[in-house]
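Letters A, B, ... mirror the listed sequences (proteins, then strands); counts begin at 1.
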2 protein chains.
Amino acid sequence: MKSNFNDKQIQILEVAETLFAEKGFDGTSIRNIAKVAKINIAMVSYYFGSKERLLESLIVYRTSDLKNQLENLLQEDLEPIDKINKLIELYINRINSNRGIYRILHFEFTSKKREQNLQAFSELKKGNLKSLETIIEEGQKKGIFRKDVIIPLITPTILGTFFHFHMNKPFFENLLNLKTEDLYNNYIKTNLTKHIQQTIKALLIYES
Amino acid sequence: MKSNFNDKQIQILEVAETLFAEKGFDGTSIRNIAKVAKINIAMVSYYFGSKERLLESLIVYRTSDLKNQLENLLQEDLEPIDKINKLIELYINRINSNRGIYRILHFEFTSKKREQNLQAFSELKKGNLKSLETIIEEGQKKGIFRKDVIIPLITPTILGTFFHFHMNKPFFENLLNLKTEDLYNNYIKTNLTKHIQQTIKALLIYES
DNA sequence: AACAAAACTAAACAAGTGTTTAATTTAAAC
DNA sequence: GTTTAAATTAAACACTTGTTTAGTTTTGTT
């Protein structure tokens with residue numbers, strides 16, 4: 001897939017991503033970005049127009065191919081519960097390896113302040129929800145899934161669990177003895193992912 | 001309960017709370033707070049020492065009595081599952097009516113930048129986890145709850161679900177037709193709380 | 001080699017930042 | 001009513017902010 005950004009722009013975008021994720025949009029200055037990226041401070045305005053537009057470009061740069069991955073999953077020949085498990089794995093993997101941008105999306109695009117830029121992000125979320133609905137309705141038709149679940153609230157449970165875990169990284173590192181970055185990542189890939197899969201499975205199948 | 005802050009300080013703290021929650025710590029200036037609170041800009045330094053210390057004071061001001069509420073719940077004569085449901089209701093209610101501060105806690109206290117102030121907050125979280133453990137172990141002894149759940153990951157599921165929902169407020173307002181603030185709050189109090197209770201119950205009881 | 005467009009730079013811009021100062025008003029104590 | 005402490009103020013401090021300017025260097029094309 002062809003990117004609309006040249007090497008220099010990508011360099012700036014990736015530095016901005018780490019810094020925004022670390023210190024927030026307002027907490028990061030253009031001089032800060034310029035220093036780390038080893039460019040002149042004027043280059044940000046030159047390439048992106050403004051700091052705000054740099055953020056927009058960053059979103060575009062990062063959220064372009066999740067949609068496709070999800071639609072491919074829909075076509076696979078799998079039982080609904082396995083599709084759900086794969087979807088959860090896909091979500092966690094993807095978000096975990098793009099922590100920066102998702103953190104930014106959550107931090108910067110919730111406030112009214114930047115609501116206008118929310119459009120594209122909102123469309124992405126609607127598409128993802130549609131995919132999830134398709135899978136669950138399939139399972140309901142087959143009589144495997146219960147029918148009284150509120151589907152739009154499942155995404156918050158999947159992503160929210162991950163985010164809340166990750167937002168409290170220092171706390172859980174300490175609590176669960178995850179001393180190295182590898183141990184932490186491994187815990188997410190195995191235990192946390194399994195916990196979420198277990199939770200959603202129970203929610204979809206359990207009859208009281 | 002006696003507060004260590006006088007009326008003027010509380011006035012400043014509450015204005016700061018709304019502004020920090022709306023626009024983040026870095027996005028809010030002291031002049032901004034002073035204008036809304038109708039005080040002189042020097043008053044923040046006068047009363048709290050600095051902007052950073054104002055944030056610390058705000059945390060202290062807001063997170064002082066959750067601990068007690070939880071410990072009272074532990075003593076109640078209820079079935080474990082009912083205690084869990086009550087705990088969830090307590091969490092959601094409390095966080096929902098103190099949205100500002102919890103949002104701030106999540107936004108401002110995750111980055112390494114402010115890690116030193118994290119101590120008190122971390123203690124609060126550990127205490128809360130202990131309470132949850134007590135309830136669940138009680139249910140496990142009674143043979144009601146399964147034993148292969150990872151207890152520390154239950155809080156992320158409870159709180160994460162709420163937060164993710166609330167972080168995407170504009171999205172869900174639109175999706176679920178929650179046109180007024182009342183409708184939105186009511187949805188949280190009924191549907192979202194029920195969804196989380198249903199999820200945790202299924203997770204704790206379901207056997208595959 | 002000559003030209004034009006793109007890439008890049010240092011410097012300056014006006015505006016905003018948190019904090020401190022020194023002076024003044026208000027309140028409390030005697 | 002005088003004195004002393006607390007509360008409040010406007011102004012100034014030094015510094016950082018995002019953006020623009022005007023000029024220079026690099027690159028690619030003919």
Side-chain angles (χ1 to χ4, degrees), chain A residues 2-59 61 104 107-109 111-117, chain B residues 2-59 61 104 107-109 111-117:
Chain A
K2 183 186 144 288
S3 173
N4 297 313
F5 302 109
N6 64 40
D7 290 358
K8 206 102 213 174
Q9 284 177 300
I10 290 175
Q11 178 196 353
I12 297 173
L13 284 171
E14 291 183 347
V15 168
E17 181 177 21
T18 25
L19 292 180
F20 287 166
E22 265 174 33
K23 321 198 288 173
F25 181 77
D26 290 314
T28 307
S29 72
I30 291 188
R31 279 164 182 80
N32 210 328
I33 297 170
K35 200 173 181 182
V36 178
K38 282 168 193 152
I39 50 148
N40 188 277
I41 54 165
M43 297 308 288
V44 169
S45 291
Y46 177 72
Y47 275 126
F48 300 98
S50 70
K51 190 189 174 190
E52 197 88 18
R53 299 256 306 278
L54 167 65
L55 177 59
E56 286 180 53
S57 298
L58 182 54
I59 310 290
Y61 175 59
I104 294 162
F107 279 30
E108 307 301 341
F109 281 78
S111 59
K112 302 277 165 202
K113 204 167 140 197
R114 279 181 252 283
E115 210 164 350
Q116 71 275 20
N117 316 20
Chain B
K2 183 186 144 286
S3 173
N4 297 313
F5 302 109
N6 64 38
D7 290 357
K8 206 101 212 174
Q9 284 177 300
I10 290 175
Q11 177 196 355
I12 297 173
L13 284 171
E14 290 185 346
V15 168
E17 180 177 23
T18 27
L19 292 180
F20 287 166
E22 265 175 34
K23 323 197 287 173
F25 181 77
D26 291 313
T28 306
S29 72
I30 291 189
R31 279 165 183 79
N32 209 329
I33 297 170
K35 200 173 181 183
V36 178
K38 283 169 192 150
I39 50 147
N40 188 276
I41 53 165
M43 295 309 288
V44 169
S45 291
Y46 177 73
Y47 275 126
F48 300 97
S50 70
K51 192 188 173 190
E52 198 87 17
R53 301 255 306 277
L54 167 65
L55 178 58
E56 286 179 54
S57 298
L58 181 54
I59 309 290
Y61 175 59
I104 295 164
F107 279 31
E108 308 301 341
F109 281 79
S111 60
K112 302 275 164 201
K113 204 168 140 198
R114 277 181 255 282
E115 211 165 347
Q116 70 277 20
N117 316 20

If you look only at distance, which donor and acceptor atoms sit under 3.5 Å apart when one is on a side chain in residues 29-42 of chain A and the other is two or more places apart or in another chain?
residue	atom	partner	partner atom	Å
A:S29	OG	A:N32	N	3.0
A:N40	OD1	A:A42	N	2.8

Are B:E52 and B:F25 packed together at the side-chain level, in the sense that at least one heavy-atom pair is separated by less than 4.5 angstrom? yes
Whole angstrom is fine here: how far is it from CG in A:N6 over to P in C:dA7? 7 Å
Tell me the interatomic distance from A:M43, atom CE, to D:dT19, atom C1', rounded to whole angstroms. 14 Å
Contact class for B:F48 (heavy atom, under 4.0 Å): base, sugar-phosphate, or nothing? nothing
Indicate the atoms forming the closest heavy-atom contact of B:L54 with B:A16, along with that distance. CD2-CB, 4.0 Å
To the nearest angstrom, the CZ-C1' distance between A:R53 and D:dT19 comes to 13 Å
Between A:F5 and A:I12, is there a side-chain heavy-atom distance shorter than 4.5 Å? no
Nearest-Å distance for atom pair CD1/P, residues B:I39 and D:dT9: 8 Å
Which nucleotides of nucleotides 12-29 of chain C have their base under 4.0 Å from a protein heavy atom (B), which only their sugar-phosphate (S), and which neither (-), written as one string 5' to 3'? B----BBBB---------
Which of B:Q9, B:E17, B:E14 passes side chain to side chain donor-acceptor pair (under 3.5 Å) with B:Y61? Answer is B:E14
Minimal heavy-atom distance between B:R53 and B:G49, with the atoms involved, is NH1-CA, 4.5 Å
